[in-house]
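All residue numbers refer to positions in the sequence shown, counting from 1.
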Amino acid sequence: MQMEEAAFKARPANSGMPKCPHCGRPLKKATSPIGHTTIYPFIPCDCAESRAAYEAMEHEKEEEEARSAAERHEKRLDAAGIPKRFRGLSLDVRQYVKTIKDRRSLILSGNIGTGKTSLACAVAEAMIDKKSVRFTTISSINASLFDKEVGESALFRSLSDADLLVLDDLDKGKLGEWSACLIYRVINQRYEDCKPIVVTMNCSMSELTRKLTVKGDATTAKAIVSRLYEMSGGSIINYCGGDKRVAKYG
């Protein structure tokens, strides 16, 4: 409730003028707008109790707005497919967000458990309240292709239309001709539209070509890697070190 609204609930004075519900003083009629509104005919009392009540109501309003914003944020994370384990991470991703805003892609390469997915999801979450984001893996793409409720066309649009796409573990999962073709189409569409991608993998770019090769034909794989390389400006972020998950409990 706003402080101005409290004026309507003030107890009436003997003179017919309403009183402050806190100190009992008569309220003055408003002769000019209060804030940005003109619908309240009395000026709120400036007694300490009224001010405290107003501040409490404002604090409650701010908390409610924060809760609503957090709920909207969580729903966007759900819609994007970002795993719950990788949400709300305290990572400084400002330089990577700037790279994405400059329409350049990020390729994160390194050993298992070195923090690539964490960084990718932190970048995505930093942008999700203002940009559309989609997170996926090769395994998820394979599953969606065989899901009659999804369909190839809808999957293609979802992955190619998002402002930012995170392709996690691009070198994992078995590719067939169908899924390799879809991944190429998605990356090529984003390449043509200058839409960035964040890729994570455990191998080098040359090794990625081999892993994306289907039935001995590397043509599509080379086209994918070539486009990713240009989209990242030829910059590969290499993660060194051991598995942090194992080290945590080792």
Side-chain angles (χ1 to χ4, degrees), residues 80-83 86 99-100 103-121 123-124 133-162 164-243 245-246:
I82 295 178
F86 298 103
T99 298
I100 297 299
R103 295 189 171 188
R104 286 195 294 118
S105 296
L106 296 172
I107 299 179
L108 314 178
S109 175
N111 297 329
I112 293 172
T114 50
K116 301 179 297 299
T117 301
S118 295
L119 179 64
C121 289
V123 170
V133 174
R134 189 77 165 82
F135 175 98
T136 193
T137 63
I138 296 297
S139 298
S140 295
I141 290 174
N142 282 333
S144 297
L145 281 174
F146 291 97
D147 186 343
K148 294 180 180 179
E149 295 184 0
V150 179
E152 182 179 357
S153 296
L155 181 59
F156 170 75
R157 288 195 301 272
S158 172
L159 300 179
S160 59
D161 289 349
L164 175 63
L165 173 64
V166 178
L167 271 176
D168 191 41
D169 288 334
L170 182 56
D171 57 325
K172 291 190 179 68
K174 188 174 181 180
L175 279 183
E177 292 181 32
W178 193 10
S179 51
C181 180
L182 176 66
I183 291 170
Y184 167 75
R185 288 177 57 214
V186 168
I187 291 176
N188 183 63
Q189 188 65 57
R190 299 187 68 85
Y191 170 77
E192 292 180 351
D193 293 341
C194 297
K195 289 185 174 181
I197 306 175
V198 179
V199 171
T200 74
M201 58 187 187
N202 300 130
C203 62
S204 65
M205 294 294 272
S206 58
E207 183 68 8
L208 180 63
T209 301
R210 187 186 69 78
K211 292 195 174 189
L212 295 179
T213 296
V214 178
K215 295 182 178 180
D217 185 356
T219 305
T220 301
K222 289 179 179 179
I224 291 172
V225 171
S226 174
R227 282 160 176 75
L228 288 176
Y229 197 76
E230 182 174 352
M231 292 167 77
S232 68
S235 177
I236 313 299
I237 302 173
N238 291 303
Y239 279 68
C240 301
D243 189 332
R245 301 185 192 101
V246 174

Treating [X] as the side-chain partner and [Y] as the backbone partner, does any N or O pair qualify as donor plus acceptor under 3.5 Å?
X	Y	result
K195	D161	yes
S160	V186	no
N111	G242	no
R190	P196	yes

Roughly how far, to the nearest 0.5 Å, is the [atom2] atom of [Y] from the [atom1] atom of [X]?
X	Y	atom1	atom2	result
N142	D147	CG	CG	12.5 Å
L208	C203	CG	SG	5.0 Å
T209	K222	OG1	NZ	8.0 Å
R157	E152	CZ	CD	11.0 Å
D193	R103	CG	CZ	9.0 Å
L212	D171	CG	CG	8.0 Å

Listed once per pair and sorted, the side chain to side chain donor-acceptor pair (under 3.5 Å) pairs that draw on residues 228-239, sequence neighbours left out: Y191-E230
Does any non-hydrogen side-chain atom of [Y] lie less than 4.5 Å from one of [X]?
X	Y	value
I224	I183	yes
V199	L108	no
L170	K211	no
I138	S179	no
I187	L167	yes
R245	I112	yes

Derivation of the side-chain contact (heavy atoms from CB on, under 4.5 Å) call for I107 and M201: CA-CA 8 Å; I107 299 179; M201 58 187 187; 3.6 Å; yes
T136 vs L155, side-chain contact (heavy atoms from CB on, under 4.5 Å): CA-CA, chis, key distance, verdict: CA-CA 11 Å; T136 193; L155 181 59; 5.9 Å; no
For [X] and [Y], which heavy atoms make the closest approach, and how far apart are they?
X	Y	value
I82	A124	CD1-CB, 3.8 Å
T213	A218	OG1-CB, 3.5 Å
D169	T200	N-OG1, 2.8 Å
C121	P83	SG-CD, 4.3 Å
A120	V198	CB-CG1, 3.6 Å
A162	R134	CB-CB, 3.9 Å

Test item: side-chain donor near acceptor, D168 and T137, under 3.5 Å: no
